[in-house]
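Take a look at the structure below.
No hydrogens, no waters, no symmetry mates; every other heavy atom, side chains included, goes into these values. In what follows, chains are A, B, ... by sequence order, proteins preceding strands, each numbered from 1. Just so it is clear, the structure is predicted and the values come from calculations on it, not from any experiment.
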Protein chains: 2
Amino acid sequence: MSKKEKITDKRSALLKATLNLVHNRGFHDAPMVKIAKLAGVAPATIYLYFENKQDLVNQLYLEIKSSFSDCAFDGYNDTLPVKKGFEIIWHNIANYKLNRIKEATFLSQCDNTPMIDEEFRKEGLKHLQPLLDLWEKGQQEGIIKVLSPYVLYAYAIYPVSFLMAMQERHIFTLSEEIRNETFQAAWDAIKV
Amino acid sequence: MSKKEKITDKRSALLKATLNLVHNRGFHDAPMVKIAKLAGVAPATIYLYFENKQDLVNQLYLEIKSSFSDCAFDGYNDTLPVKKGFEIIWHNIANYKLNRIKEATFLSQCDNTPMIDEEFRKEGLKHLQPLLDLWEKGQQEGIIKVLSPYVLYAYAIYPVSFLMAMQERHIFTLSEEIRNETFQAAWDAIKV
DNA sequence: CAACAATAAATGAACGTTCATTCATTTTTA
DNA sequence: TAAAAATGAATGAACGTTCATTTATTGTTG
């Protein structure tokens, strides 16, 4: 195992451990000692890879945000018709949020508490540009409502986060069958 | 000032202080000593009104959830036509989420982290029954899509939480003018 | 290639703080 | 003056982080 690979190895073990603990107990109930134990290293070792706890969680945020957008645009390219392109992205995101639950709930926690430094939050937002471009194209074609991208995101994408949370609490399940009807609601909300 | 009033007085001062601190720093960065100081009492006094910190925050959750639904159904009654009734409720909720920011972001934190005991979360959900009834009536009339109330909530109500969060971060503002267009998106999402 | 030295990585115990909670008193109320 | 409410100091546990050592890796030399 090369030097570089080993570094990545412990680093990602620590990120993974943090994800698991934060998912279950929240940021402030995920003590460094437990993170270390779960990752199979000594507490002091964390500080070889991260500046401090805040840095650790900031970096985890970026890492997951990036994996999220990678997934979101899988199979997408900007030559597709607007509706088709949106459909692909929407289903990618729905899959991510409903299958990779730990990652998705972690992102929800980050976006709804003061746990992430604003600087990193801004950084994590950039990845969604292709979706915003798609919407702008749709607006020019008269297909998509002329509303702020924040409003479009709120109605087209954000609702899935709620459904994920309900699914996580076992009080609702979004079956494959009704997933298409759910997509339709998203489309109806933003289409002209 | 009567005995009962005084009790309420300190109790609500403590709840208010907790809300302010949690809003700014999150649940675990809101120490009891600060809560006490902000409420103008000694730390030990908290334990005369609440069992412990968890109980304090659970009760704050219920209190705010209840004020939220009081606000949501202001001016509403179930004899109104479905769309009109929904419009009233939607605008009530939008007003609450966009004006009473501290309360709204507190609820967001509660709903997206493990900070509230499941039991209290369930309790807080009950208040929304009139909205679910309205939707069911709409479904019977063929006006509203036949989807789980969770899906309807996700698309009709939940998006406003996202817009609130963006407004709180000063990267977006939902002006009065475009609030109606935003309502239209909500309605389009759930109407047949 | 064996022996050793130099460097890097990893460790566990320890530190200083901070926290939620308790308790012996004091203060207020009835 | 008895009962109830409120207090501030004290307590022990838990936390993030540091540091003196130990262990592992790499490079060098005979």
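In summary, the side chains of B:Asn92 and B:Asp74 do not present any donor paired with an acceptor at a separation below 3.5 Å, with no hydrogens or angles considered. A donor-acceptor pair shorter than 3.5 Å can be found between the side chains of A:Lys97 and A:Ser161.
Within the 4.5 Å cutoff, the side chain of A:Leu107 has heavy atoms near those of the A:Tyr61 side chain.
Of the candidates D:dG16, D:dA6, C:dT21, D:dG16 carries the atom nearest the A:Pro31 side chain, counting heavy atoms from C-beta on. Comparing D:dT17, D:dC15, C:dC23 against the side chain of B:Ala44 picks out C:dC23 as the nearest.
Taking atom CD1 of B:Ile46 as the reference point, atom C1' of C:dC19 lies 12 Å away to the nearest angstrom. Note: CZ (B:Arg11) to P (D:dA6) measures 14 Å, nearest angstrom. Here D:dG16 presents its P atom at 7 Å from OH of A:Tyr47, a figure rounded to the nearest Å. Between A:Ile35 atom CD1 and D:dT17 atom C1' there is a gap of 13 Å when expressed in whole angstrom units. Computed from coordinates, the B:Met32 CE to D:dA9 P distance equals 18 Å when rounded to whole Å. Between the NZ atom of B:Lys34 and the C1' atom of C:dC19 there is a distance of 12 Å, rounded to whole Å. For the pair A:Leu48 CG and C:dG12 P, the interatomic distance rounds to 13 Å; values are reported in whole Å. The separation between A:Leu14 atom CG and C:dA9 atom P is 15 Å, rounded to whole Å.
Here A:Lys53 does not reach the OP1 or OP2 of D:dT17: none of its side-chain N or O atoms lies under 4.0 Å away. At the phosphate of D:dA6, OP1 or OP2 sits under 4.0 Å from a side-chain N or O atom of B:Lys10. Under 4.0 angstrom from either OP1 or OP2 of C:dA10 there lies at least one side-chain N or O belonging to A:Tyr49.
No donor-acceptor distance shorter than 3.5 angstrom exists from the side chain of A:Arg100 to the backbone of A:Phe68, with no hydrogens or angles considered.
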